[in-house]
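Heads up, the thing below is written out as structure tokens.
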Number of protein chains: 2
Amino acid sequence: MEPARVAEPRPYHHGDLRRALVEAGRRLLEAENGSDISLRAVAREAGVSPAAPYHHFRDKSELLDALAIEGWDQLAEQMRADLALTDPGQDRLVALGIAYVRFSRENPAIYRVMFDCSQNHEAMPSKLREEGAYRLVCDALIESGLDPSDEMGLELAGTAVWCAAHGVAEMVGFREFSPLKAHLGGEEAFLRAVLGQLTLFAAERKSPAG
Amino acid sequence: MEPARVAEPRPYHHGDLRRALVEAGRRLLEAENGSDISLRAVAREAGVSPAAPYHHFRDKSELLDALAIEGWDQLAEQMRADLALTDPGQDRLVALGIAYVRFSRENPAIYRVMFDCSQNHEAMPSKLREEGAYRLVCDALIESGLDPSDEMGLELAGTAVWCAAHGVAEMVGFREFSPLKAHLGGEEAFLRAVLGQLTLFAAERKSPAG
DNA sequence: TGCATATCTTATCGTTGTCAAGATTGGCTT
DNA sequence: AAGCCAATCTTGACAACGATAAGATATGCA
């Protein structure tokens, strides 16, 4: 393994090192299986000295924050795309959940960074609620019969769905589930079944059974 | 801060250093807010050299494994205790979920180690399924009307409950939920509502509505 | 043109995980 | 009971890490 690309005589001032560092970080997260990304490795990948990042990020966690924000954007985009491809007859809430979990399966390191970052801040990224994936969930809930004027009811349901999706995303890889997956006919069917159970309450709301 | 207890002239051979290291680790996890426990710090706390642990654990992750196993045991114990105190009229499944989340709230560092360890092994600790908290969930599911002979149905429901509980445990601290918590009358009520929604399918099973 | 400032580098510190080699001890063999 | 072996613990070392300080270099504005 050669030391990245040293040949190119980069000018002393990089131009947009911040951007380059974020992209280098994303590249490493996609490549590495273990998500423990090192700030020095990111600098190396970007072709700068170990101390250079500190002129653009206060510390390592701020770089991870930037990577997390990109990740949440990417997730929302993918969920929107998957939702557009969903058959009208199918449960759109479950489709969103499957898209969420699929993203976490295909980008495990990035997803880990995304959620760790949220946990450190004890908050979801604000954009998520306003224009991101959370809004898609709320729309699907209203579509499935929830009263849009009942703000707290909607909030409760959205919270429940989000927690369920995250829980499934973090556990779906466990080996104990293999027999059940096989029995149900694969991981997608497994996800459909589990998420279907957990979002049953949305269907229940259609009939005002209290 | 003094260097733990150096005064006691410990004999060259410790007696049961493995045990002492696990307990030192647990002590540090309870004290530290950030769960990043350092192997050297554990050795320091136990009063031995930085290399001593390597005669009892292959590497740092094996020490964490041992801490995780203790944690899962402790969780099962607490869930059993909480379940015993539950009012017969209340939903036992929700009570178990609340106990689970409460444990993760009161022992965040230990819980993090527990779950990280599970994720690294892509498996829950085996004792969990056989005699631990998972069995309590299955019992509660059967009690709520699930057909005990339908193994895969029970597995699916248990899986769903476990995923939901984990998801809630990891997100309950988010600030975005504060308004909803306040509206529902506190965190316990919040948990009861969210977990109640997510485990609605268990109640549904009572009536064979398909 | 000249200078303040932003940017990047080199050098360094303290910490960590891990290993190798030596010191010390407990227990088994005879 | 004497002696050796293996387990245990120590010291010492290495590479990698996050982070800071001090110096080099380029940019942009006066």
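Here is the naming used below: chain letters follow the sequence lines, and residue numbers restart at 1 for every chain.
- Per the geometry, CD belonging to A:E62 stands 14 Å off C1' belonging to D:dG18, to the nearest Å.
- The existence of a salt bridge linking B:R19 and B:E70 is confirmed by a sub-4.0 Å separation between a basic side-chain nitrogen and an acidic carboxylate oxygen.
- When distances are taken from the side chain of B:K60 to each of D:dA19, D:dT20, C:dG17, the shortest belongs to C:dG17.
- Atom-to-atom, CG of B:L39 to P of D:dC17 comes out at 19 Å; the value is rounded to the nearest Å.
- Regarding A:L63, its CG atom lies at a distance of 14 Å from the C1' atom of D:dA19, rounded to whole Å.
- The heavy-atom pair separating A:F177 from A:M171 by the smallest distance is CE1-O, 3.2 Å.
- Between A:R40 and A:H55, it is A:R40 whose nearest contact on DNA chain D lies nearer the 5' terminus.
- Between A:F57 atom CZ and D:dA19 atom P there is a gap of 13 Å when expressed in whole angstrom units.
- Between B:R192 and B:Q197, the side chains place no donor N or O within less than 3.5 Å of an acceptor N or O (distance only, hydrogens not considered).
- Taking side-chain N and O atoms only, A:S49 has no distance below 4.0 Å to OP1 or OP2 of C:dC8.
- Relative to the side chain of A:R44, the nucleotides D:dC17, C:dC19, D:dT20 differ in distance, and D:dC17 lies closest.
- The phosphate of C:dT15 has neither OP1 nor OP2 within less than 4.0 Å of any side-chain N or O from B:S38.
- When each of B:R18 and A:R58 is assigned the nucleotide of DNA chain D bearing its nearest heavy atom, the one mapping closer to the 5' terminus is B:R18.
- In this structure, of C:dT18, D:dT20, D:dC9, it is D:dT20 that holds the atom nearest to the side chain of A:Y54.
- The aromatic ring centres of A:F103 and A:Y111 sit 6.0 Å or more apart.
- Contact annotation: A:H56 side-chain N/O to C:dA6 OP1/OP2 distance is not under 4.0 Å.
- Picking from D:dT8, C:dC19, C:dT10 the nucleotide with the shortest atom distance to the side chain of B:A51 gives C:dC19.
- Between the P atom of C:dA6 and the CG atom of A:L17 lies a distance of 16 Å, rounded to the nearest Å.
- Between the CG atom of A:D59 and the P atom of C:dT15 there is a distance of 18 Å, given to the nearest Å.
- Looking at every heavy atom in both residues, B:S38 comes nearest to B:R44 through OG-NH2, 4.4 Å.
- Atom CG in A:L64 sits about 12 Å away from atom C1' in D:dG18, given to the nearest Å.
- What separates CZ of B:R19 from P of D:dT8 is a distance of 17 Å, to the nearest Å.
- Of the candidate nucleotides D:dG18, C:dT9, C:dG17, C:dT9 has the atom lying nearest to any side-chain atom of A:A52.
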